[in-house]
Amino acid sequence: MEKNFSLRKLNTFGFDVTARYFQELKTMDDINELLSNPEFVQCRDAANHVSAKKNPPISCKILILSGGSNILFSDEYFDGFVVYPNLKGIEILDENDENVMIRCYCGEVWKDFVDYTVSRNLYGLENLADIPGKVGAAPVQNIGAYGVEVKDTVYRVHTIDLFNGEVKDYSNEECEFSYRNSIFKKSRGYRVESRELIYAVDFVLKKHGELRLDYGNIRNYLIANNITHPTLQDVAATVKAIRAEKLPEVGIVGSVGSFFQNAIVTKDIYLEIKELYPEVPSYPVDDDSIKIPTGWLIDKAGWRGHREGHVGVWDKQALVLVHYGGGKPKEILDLMKKIQNSVKEKFDVEIKPEVNLV
Ligand code: EPU
């Protein structure tokens, strides 16, 4: 266990946050040892007190940190215990003529896992190529891109409760997946009192699948590159190329991808916006609500490419806030509030962060 550990390399925003305690977990034995680590036990007791709305004996939060690509620390000191699960391994559990069931441990890098499946001609994850982060975090917010969500291929999620050591397997249904959400985010996930650690995820992928080309620019990009009969590998490469055009490169410019969730608005609000901007992009959700891309709202409110101090709004995708280095988390939080107020004032829409605020 490390004390006063810098998380600068473990959050893709690149903020220099220090954690009071930090423990990397590489094996199941490491996890079991953690459960009796005296500092961890103290923090766990404190978290239990907080959950029971009692005063804790000491102040100490617990955080399960994965790839750090969807997290914003509000302060430069994390007064608590950061648990960093990093179990590695990919195993084929079962296969038949149509499907392959694969177990992937939480510490595998998501984009490498996608490349592994694509190179073996397995269908299902190709549209999710190049998403930053690790496999263990993928189910937490049900990562999605280009018309596909991870829930479409997740078969089971394996967890261990850091408070009582209980091991549990969640079926796909039990995960309660929805747009950028799951049971792990709703009730557990990255909340400071989080307790269930995802140590492995089982996926079912197809040997003969259908390519999904209808979202965004995928089809146009293929046509522009004279690819008339795209393969699985062509689709993954196309997604990577489109992402590279729109999103800042991880490790070069600090960001967490989409900072905000897309907005779901009432029909009335949508019609008001459409009257002023007939070109507003939208996707129906149900009879009364419509999804409007928040990137479009922020862009129309004039923020795209805006820079203040060490932070700003990415010039190719206004949904993405960036940290150019040397800044503090507060600068992003201030910018977030300004953008939220501005979008509220201009469109009467409240936009919510997608990033986990800790
Ligand atoms: N738009 C603008 N200006 C902008 C940004 C977007 O006008 O600055 C317009 C675009 O022209 C397009 C629409 O808004 O008409 C939607 O934009 P885009 O297709 O780029 O996707 P998005 O809705 O902004 C979502 C996900 C991304 C994912 C893409 C592609 C969320 C919060 N974000 O973005 O996910 O890669 O679709 O599927 O749902 C992430 O979660 O970190 C992420 C990058």
Side-chain angles (χ1 to χ4, degrees), residues 12 69-70 110-115 117-119 121-133 138 141-153 179-180 205-206 209-253 255-265 270 273-274 277-285 290-305 312-322 351 354:
T12 58
S69 52
N70 201 42
W110 174 261
K111 65 191 182 77
D112 296 345
F113 176 58
V114 173
D115 289 349
T117 64
V118 168
S119 68
N121 279 316
L122 297 173
Y123 291 70
L125 299 179
E126 58 282 3
N127 292 35
L128 304 181
D130 263 7
I131 295 185
Q141 67 148 343
N142 181 23
I143 57 170
Y146 303 100
V148 174
E149 291 180 323
V150 79
K151 76 171 170 58
D152 307 335
T153 48
Y179 169 65
R180 292 296 192 278
L205 302 176
K206 288 191 161 46
E210 271 178 35
L211 298 171
R212 280 143 308 170
L213 311 177
D214 291 325
Y215 191 96
N217 272 350
I218 297 188
R219 203 179 287 278
N220 292 343
Y221 192 97
L222 290 164
I223 293 169
N225 286 281
N226 295 321
I227 301 171
T228 45
H229 294 92
T231 61
L232 186 60
Q233 288 75 17
D234 292 329
V235 174
T238 299
V239 167
K240 289 180 186 186
I242 297 172
R243 289 185 69 94
E245 274 172 17
K246 286 193 178 179
L247 301 169
E249 198 177 337
V250 177
I252 308 289
V253 182
S255 94
V256 287
S258 304
F259 187 91
F260 296 99
Q261 295 182 27
N262 279 330
I264 295 176
V265 303
Y270 167 71
I273 297 174
K274 196 169 167 61
Y277 302 96
E279 76 282 11
V280 57
S282 64
Y283 316 95
V285 175
I290 285 155
K291 192 188 274 183
I292 299 185
T294 297
W296 184 89
L297 296 169
I298 298 172
D299 189 353
K300 276 285 175 262
W303 290 95
R304 183 155 58 84
V313 180
W314 192 237
D315 62 348
K316 298 183 194 80
Q317 165 57 288
L319 197 56
V320 177
L321 302 191
V322 289
I351 56 171
E354 190 214 77

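- The distance from atom CG of Leu122 to atom OG1 of Thr153, rounded to the nearest 0.5 Å, is 11.5 Å.
- Listed by chain and residue number, nothing satisfies the side-chain hydrogen bond (donor to acceptor under 3.5 Å, both in side chains) test with Asp130 (two or more places apart in sequence, or in another chain).
- In this view, Arg243 satisfies the side-chain hydrogen bond (donor to acceptor under 3.5 Å, both in side chains) rule with no residue, not counting sequence neighbours.
- Val265 has its side chain out of reach of Ile273: every pair of non-hydrogen atoms, C-beta onward, lies at least 4.5 Å apart.
- With a 4.5 Å cut-off on side-chain heavy atoms, Leu125 and Val118 do not count as touching.
- Closest approach of Pro248 and Val253 over heavy atoms only: CB-CB, 3.9 Å.
- We find the CG-NZ distance between Asn142 and Lys151 to be 6.5 Å, quoted to the nearest 0.5 Å.
- Every salt bridge (charged side-chain N to carboxylate O under 4.0 Å, His left out) that Glu279 has, sequence neighbours left out, goes to Lys300.
- We find the CD1-CZ distance between Ile218 and Arg212 to be 9.5 Å, quoted to the nearest 0.5 Å.
- The shortest heavy-atom contact between Gly133 and Ser69 is CA-OG, 3.3 Å.
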Discussion item. If you apply the rule side chain to side chain contact (heavy atoms under 4.5 Å, CB included), what do you find for Ile264 with Lys291, and how did you get there?
Written reply: CA-CA 4 Å; Ile264 295 176; Lys291 192 188 274 183; 4.2 Å; yes
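- Nearest approach of Ile131 to Gly144, heavy atoms of both residues: CD1-O, 4.2 Å.
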Identify every side-chain donor-acceptor pair in residues 223-232 under 3.5 Å, counting partners at least two apart or on other chains, and give the distances.
residue	atom	partner	partner atom	Å
Asn225	ND2	Tyr221	O	2.8
Thr231	OG1	Gln233	N	3.3
Thr231	OG1	Asp234	N	3.0
Thr231	OG1	Asp234	OD2	3.1

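- Listed for the Gln317 side chain is a donor-acceptor partner under 3.5 Å among the backbone atoms of Leu319.
- By the side chain to side chain contact (heavy atoms under 4.5 Å, CB included) test, Lys206 is found to be paired with Asn99, Tyr123, residues two or more places apart in sequence or in another chain being considered.
- Without hydrogens or angle criteria, Trp314 side chain to Gly257 main chain gives no donor-acceptor distance under 3.5 Å.
- Between Tyr146 and Tyr215, the ring-plane angle classifies as perpendicular under the 30° and 60° cut-offs.
- With a 4.5 Å cut-off on side-chain heavy atoms, Glu245 and Lys316 do not count as touching.
- In terms of heavy-atom proximity, Asn70 sits nearest to Glu354 at OD1-OE1, 3.3 Å.
- The CD1 atom of Ile290 sits 14.0 Å away from the CG atom of Asn262 when rounded to the nearest 0.5 Å.
- Nearest heavy-atom pair, Val148 versus Leu128, reported as atom, atom and distance to 0.1 Å: O-CD2, 3.5 Å.
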Only distances under 3.5 Å count here; give the side-chain donor-acceptor pairs of residues 292-299 to other protein atoms, sequence neighbours excluded, each with its distance to 0.1 Å.
residue	atom	partner	partner atom	Å
Thr294	OG1	Gln261	O	2.7
Thr294	OG1	Ala263	N	3.0
Asp299	OD1	Arg304	NE	3.1
Asp299	OD2	Arg304	NE	2.9

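- Side-chain contact between Glu126 and Val114 is absent, with no heavy-atom pair separated by less than 4.5 Å.
- Between the side chain of Glu249 and the backbone N or O of Leu247 there is no donor-acceptor pair closer than 3.5 Å.
- No side-chain heavy atom of Val285 sits under 4.5 Å from any side-chain heavy atom of Tyr179.
- Considering all non-hydrogen atoms of both residues, Val320 and Ser258 come closest at CG2-N, 4.2 Å.
- Looking at Phe259 and Val313, their side chains never come closer than 4.5 Å, going by heavy atoms from C-beta outward.
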